[in-house]
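Reading through the structure tokens given below for one structure.
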Amino acid sequence: QKEVEQNSGPLSVPEGAIASLNCTYSDRGSQSFFWYRQYSGKSPELIMSIYSNGDKEDGRFTAQLNKASQYVSLLIRDSQPSDSATYLCAVKGRSSASKIIFGSGTRLSIRP
Amino acid sequence: DGGITQSPKYLFRKEGQNVTLSCEQNLNHDAMYWYRQDPGQGLRLIYYSQIVNDFQKGDIAEGYSVSREKKESFPLTVTSAQKNPTAFYLCASSRGQGIIKVDEQFFGPGTRLTVL
């Protein structure tokens, strides 16, 4: 079992709709969760961090965390063509020395 | 402007050569990291450093070496012992030591290495 799992996609969503990206993780003691956006040929860009169960909203983005189910998701409202990218889920363990483990990413395509 | 710079953007290496990739940050971050990304795959950790003059191996350290003589700099050397070095190399930094939860990593623009 991979430590951080994501569906590779591609996930195709019509413009203006809600895109839902999902991620599961294996370490129950994980404390910190991150979503990165990576455009083709570019480096990852941090878009959301979440540490507590529940929802965290930032503009059109909402991160959702459920530690009991070991599940974190990212919702993108009013999807735009510029949202087309690969989204990487990343998880950090409980200690300050813990490494961040990245999933392989979900490729999102917003169709006009 | 605060940020992370990597150079060069593109690098071509002949087999048997060692090459060094540069990473510099002016964010005053304690921790720095090197990742490798292959097409269609996630990021794999090569080396990381949480403080000057100290670094640890990541998951795929064989064939790579690093140094951390200054807080701002964390160069990566890809040696001839690395059998398949063609990849996208990403440097990242974070506030690091003592920060448990809010330890977000920020990435440089990357170096694309190709072995000829």
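The shown structure was predicted, so the numbers you read here are calculated from the model rather than taken from an experiment.
A:Arg107 CZ: 12 or fewer foreign heavy atoms inside a 6.0 Å radius.
Contact of A:Gln38 with chain B is made through the side chain alone, with heavy-atom distances under 4.5 Å. Proximity to chain B is absent for every atom of A:Phe33, based on heavy atoms less than 4.5 angstrom apart. At a 4.5 Å heavy-atom cutoff, B:Arg44 makes no contact with chain A through either its backbone or its side chain. For chain A, the nearby part of B:Gln41 is the backbone; its heavy atoms alone come within less than 4.5 Å. Only the side chain of A:Leu46 comes within contact range of chain B, with at least one heavy atom under 4.5 Å from a heavy atom of that chain. Interface remark: B:Tyr35 contributes side-chain atoms only to the contact with chain A (heavy atom separation under 4.5 Å).
A:Ile76 and A:Leu65 fall within the same hydrophobic cluster, defined by Ile, Leu, Val, Met, Phe, Trp and Tyr side-chain heavy atoms under 4.5 Å apart, directly or through other members. Linking Ile, Leu, Val, Met, Phe, Trp and Tyr residues whenever their side-chain heavy atoms come within less than 4.5 Å places A:Trp35 and A:Val4 in a single cluster. Residues A:Leu21 and A:Leu75 do not share a hydrophobic cluster, clusters being chains of Ile/Leu/Val/Met/Phe/Trp/Tyr side chains in contact below 4.5 Å. Residues B:Leu113 and B:Ile4 do not share a hydrophobic cluster, clusters being chains of Ile/Leu/Val/Met/Phe/Trp/Tyr side chains in contact below 4.5 Å. The same ILVMFWY cluster, assembled from side-chain heavy atoms under 4.5 Å apart, contains both A:Phe61 and A:Leu11.
A:Ile100 CD1 to B:Tyr48 OH: the interatomic distance, rounded to the nearest 0.5 Å, is 12.0 Å. One finds the CD atom of B:Gln56 at 10.0 Å from the NZ atom of A:Lys99 (value rounded to the nearest 0.5 Å).
Here the options are A:Ser104, A:Pro44, A:Ser43, the test is side chain to side chain contact (heavy atoms under 4.5 Å, CB included), and the partner is B:Leu43; only A:Pro44 passes.
Under 3.5 Å, the side chains of B:Glu104 and A:Ser49 contain a donor-acceptor pair of N or O atoms.
Between the A:Tyr36 side chain and the B:Phe106 main chain, no donor and acceptor come within less than 3.5 Å of each other.
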